[in-house]
Amino acid sequence: MVNEERVRVMTKTAIFEEGVGKKALPTGEYYRSDYLFIQMLKSFFWGSAAFGLIGLLVVCYGMDALMSKLPSLNVLQLCIAVLIAYVLFMVVYMGVSYVRSYRIYRSYEKAVKGYEKSLKHLENMYE
């Protein structure tokens, strides 16, 4: 005889494993600090690449103005301005990345706890 409640619980866990669980279960293997560190490290590299690409686009767009001001250009001031812009960009980018990663981890953590609760309930049904 088929136990309908057991089938419901197994279906619920299978749906979780095939849906949200594909991302949530690997995330659940990390401590929060480790997950956030990995995400922040990725964000640092992607943010630096994005800043470089934005800088390249700005330079390409303003090439005429740059070439006309080249003889009177103060390189030190330009480097300081670019460094300040990079630091500000990265602070904002990393802050947004941290908040986003923390929220994702928290939601996945809740989902994995619900999944583990369902598995425990299923295990108790077999006893």
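Reckoned from all heavy atoms, side chains included, excluding hydrogens, waters and symmetry mates. Since the structure is predicted, the reported quantities are computational estimates derived from the model, not experimental observations.
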OG of Ser107 to OH of Tyr105: how many Å apart, nearest 0.5 Å? 11.0 Å

Counting heavy atoms not belonging to Arg106, are there more than 12 under 6.0 Å from its CZ? yes

Heavy atoms of Tyr86 and Ser48 approach each other most closely as OH-OG, 2.7 Å

Find the distance between OG1 (Thr27) and CG (Asp34) and round it off to the nearest 0.5 Å. 12.5 Å

If hydrophobic clusters are built from ILVMFWY residues whose side chains come within less than 4.5 Å, do Val82 and Met94 share one? yes

Applying the 4.5 Å side-chain criterion to the ILVMFWY set and letting contacts propagate, would Val92 and Phe45 be lumped into a single cluster? no

Rounded to the nearest 0.5 angstrom, the CG-CG distance for Leu88 and Leu83 is 9.5 Å

Should Val59 and Leu78 be counted in the same cluster of Ile, Leu, Val, Met, Phe, Trp and Tyr side chains packed under 4.5 Å apart? yes

Shortest non-hydrogen contact between Ser97 and Gln39, atoms and distance: OG-O, 4.2 Å

On a heavy-atom basis, which atom in Phe89 and which in Gly47 lie closest, and how many Å separate them? CE2-O, 3.3 Å

If you round to the nearest 0.5 Å, how far is CD of Glu109 from OH of Tyr102? 8.0 Å

I'd like to know whether CZ of Phe51 has more than 12 heavy-atom contacts from other residues, nucleotides or ligands below 6.0 angstrom. yes

What's the separation between atom OH in Tyr108 and atom OH in Tyr35, rounded to the nearest 0.5 Å? 6.5 Å

Passing candidate, side-chain contact (heavy atoms from CB on, under 4.5 Å) with Tyr93, options Tyr98, Phe44, Trp46: Trp46

Where do Met90 and Ser43 come nearest, in terms of heavy atoms and distance? CE-O, 4.3 Å

I need the Ile80 CD1 to Leu76 CG distance, nearest 0.5 Å. 4.0 Å

hydrophobic_cluster_shared for Met63 and Leu57, side chain cutoff 4.5 Å: no

